[in-house]
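Reminder, nothing fancy here: chain letters follow the sequence lines and each chain counts from 1.
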2 protein chains.
Amino acid sequence: MQITRETDYAIRCVLYLVENPGKVIMVDSIAQDKDIPKSFLSKILQKLTRADIVSSFRGMKGGFKLSKNPDQISLLTVIEAIEGPVTINRCALDENICSLSNSCTVHPVWVALRGKLESWLSQHTFEGLTAKDK
Amino acid sequence: MQITRETDYAIRCVLYLVENPGKVIMVDSIAQDKDIPKSFLSKILQKLTRADIVSSFRGMKGGFKLSKNPDQISLLTVIEAIEGPVTINRCALDENICSLSNSCTVHPVWVALRGKLESWLSQHTFEGLTAKDK
DNA sequence: CATAAACGAGACTAATTTAGTCCTAATTAA
DNA sequence: TTAATTAGGACTAAATTAGTCTCGTTTATG
């Protein structure tokens with residue numbers, strides 16, 4: 001029922017990049033600031049890069065920066081980049097998984113909940129997540 | 001991010017008992033009808049019994065029946081009986097888990113989402129889940 | 001152009017959780 | 001008394017999570 005630690009790390013990581021707009025930042029800086037094992041974070045950043053959430057730069061002075069505006073990146077974006085589709089019950093993704101799906105009266109509820117979850121998670125963008133004022 | 005198979009089985013199991021109101025039903029019948037490994041189901045029913053969702057009867061003619069009305073049992077009730085508290089991120093249950101929790105801007109979002117989840121899941125009772133008419 | 005500082009990719013491993021099984025009680029209707 | 005049923009605990013196998021490690025590629029810079 002929970003996101004994995006990997007996903008939590010990914011979110012912290014994006015948060016750090018949001019907090020340092022424009023700069024190209026090394027894995028090591030993020031790892032230290034956000035308390036994430038460096039080599040694990042390096043894997044996570046690869047996934048974020050493939051999902052086009054961050055862009056990477058190799059070689060000296062390399063590192064990562066956001067490839068979108070914070071308001072274009074939501075919790076859903078990041079979670080899906082790491083874990084794939086979100087859902088409470090697997091059957092809401094693929095009916096064939098369940099031997100009783102056609103007769104199951106709970107199935108439509110899982111589908112509806114999946115919709116709510118997605119919608120809620122996508123409403124929280126990283127713009128909102130770092131609002132300094134207030 | 002998902003409920004476990006055990007929890008899914010538990011829900012099917014409660015569903016079966018709701019569909020057979022009043023009767024005392026053996027593990028084996030539920031296992032066969034709902035396609036659940038019998039000895040695993042037996043463990044699950046123990047949890048449901050401890051959570052006072054079903055009552056058990058030992059000895060010949062023994063079995064299980066619901067110990068509440070279907071409208072008093074929600075998806076949340078059953079999920080919590082099997083998995084414990086629901087949450088998307090562990091930090092919403094216990095701040096101390098996270099090394100950065102006090103400064104974390106995402107934390108309040110997880111807490112809010114946990115509230116939403118609980119509310120969504122508790123709105124779906126087993127009364128609603130088997131409505132035959134429509 | 002050599003080199004050191006970065007990321008990229010894949011194989012590997014350890015720990016934890018999930019998904020069960022199995023065996024020995026304890027109960028109880030008949 | 002016995003056969004049918006649940007209770008409980010120990011055990012196991014498979015899958016997932018949470019990493020590590022090594023080697024290769026890229027690139028700024030002296």
Side-chain angles (χ1 to χ4, degrees), chain A residues 1-13 17 23-32 34-67 79 81-84 87 89-90 97-99, chain B residues 1-13 17 23-32 34-67 79 81-85 87-90 97-99:
Chain A
M1 181 60 93
Q2 295 174 28
I3 57 171
T4 62
R5 192 161 318 192
E6 184 182 17
T7 304
D8 188 56
Y9 289 159
I11 291 168
R12 295 188 198 185
C13 169
L17 295 174
K23 297 185 205 162
V24 171
I25 301 195
M26 293 182 305
V27 174
D28 215 36
S29 313
I30 309 174
Q32 285 184 32
K34 293 298 186 182
D35 199 21
I36 305 171
K38 181 180 170 180
S39 51
F40 195 23
L41 177 57
S42 156
K43 288 295 173 195
I44 293 169
L45 278 159
Q46 285 179 29
K47 290 190 188 176
L48 294 176
T49 303
R50 286 188 214 108
D52 197 33
I53 293 168
V54 305
S55 346
S56 74
F57 302 90
R58 296 169 78 159
M60 278 184 90
K61 306 253 171 174
F64 299 87
K65 69 178 183 61
L66 288 188
S67 56
I79 294 174
I82 304 295
E83 305 192 354
T87 190
N89 197 334
R90 313 177 297 154
I97 271 171
C98 176
S99 51
Chain B
M1 183 60 93
Q2 296 176 25
I3 57 172
T4 62
R5 194 162 316 192
E6 184 183 16
T7 304
D8 189 57
Y9 289 159
I11 291 167
R12 294 188 200 184
C13 169
L17 294 174
K23 297 187 205 161
V24 170
I25 301 196
M26 294 183 303
V27 174
D28 214 38
S29 312
I30 308 175
Q32 285 184 33
K34 292 299 186 183
D35 200 20
I36 306 170
K38 180 179 172 181
S39 52
F40 195 23
L41 177 57
S42 155
K43 289 295 175 196
I44 293 169
L45 278 159
Q46 286 178 29
K47 290 191 187 176
L48 294 177
T49 303
R50 287 187 212 108
D52 198 32
I53 292 168
V54 306
S55 348
S56 74
F57 303 90
R58 295 167 78 157
M60 276 183 90
K61 304 253 171 176
F64 299 87
K65 71 178 181 58
L66 287 189
S67 57
I79 294 174
I82 304 296
E83 304 192 355
T87 191
I88 297 294
N89 197 335
R90 313 177 296 152
I97 271 171
C98 175
S99 51

Of A:Ile11, A:Ile44, A:Ile36, A:Leu41, the residue whose pairing with A:Glu6 passes side chain to side chain contact (heavy atoms under 4.5 Å, CB included): A:Ile44
Side chain to side chain contact (heavy atoms under 4.5 Å, CB included) partners of [X], counting only residues at least two apart:
| X | result |
| --- | --- |
| B:Ser39 | none |
| A:Arg58 | none |
| B:Glu83 | A:Met1, B:Ile3, B:Thr4, B:Thr7, B:Ile79 |

Is there a donor-acceptor pair under 3.5 Å between the side chain of B:Thr49 and the backbone N or O of B:Ser55? no
Just how far, in rounded Å, is [atom2] of [N] from [atom1] of [X]?
| X | N | atom1 | atom2 | value |
| --- | --- | --- | --- | --- |
| A:Asp28 | C:dA6 | CG | P | 8 Å |
| A:Ile30 | C:dA6 | CD1 | P | 13 Å |
| B:Leu41 | D:dA7 | CG | P | 11 Å |
| A:Asp35 | D:dA18 | CG | P | 15 Å |
| A:Asp8 | D:dT17 | CG | P | 14 Å |
| B:Met26 | D:dA4 | CE | P | 11 Å |
| A:Ile44 | C:dC7 | CD1 | C1' | 15 Å |
| A:Leu45 | C:dG10 | CG | P | 17 Å |

From [X] atom [atom1] to [Y] atom [atom2], the distance as rounded to the nearest 0.5 Å:
| X | Y | atom1 | atom2 | result |
| --- | --- | --- | --- | --- |
| A:Ser56 | A:Arg50 | OG | CZ | 10.5 Å |
| A:Ser29 | A:Phe64 | OG | CZ | 11.0 Å |
| A:Lys43 | A:Leu45 | NZ | CG | 11.5 Å |

Return the residues of residues 49-64 of chain A meeting this criterion: a heavy atom under 4.0 Å from some atom of DNA chain C. Order them by number, or give none. A:Arg50, A:Ser56, A:Phe57, A:Arg58, A:Gly59, A:Met60, A:Gly62, A:Gly63, A:Phe64
Ring pair (Phe, Tyr, Trp, His ring centres under 6.0 Å) partners of B:Tyr9, counting only residues at least two apart: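 Applying ring pair (Phe, Tyr, Trp, His ring centres under 6.0 Å) to B:Tyr9 gives B:Phe40.
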Just the table, please: protein N/O against nucleotides 17-23 of chain C N/O, every pair under 3.5 Å.
from	atom 1	to	atom 2	distance (Å)
C:dA19	OP2	B:Arg5	N	3.0
C:dG20	OP2	B:Tyr9	OH	2.9
C:dT21	OP2	B:Ser39	OG	2.7

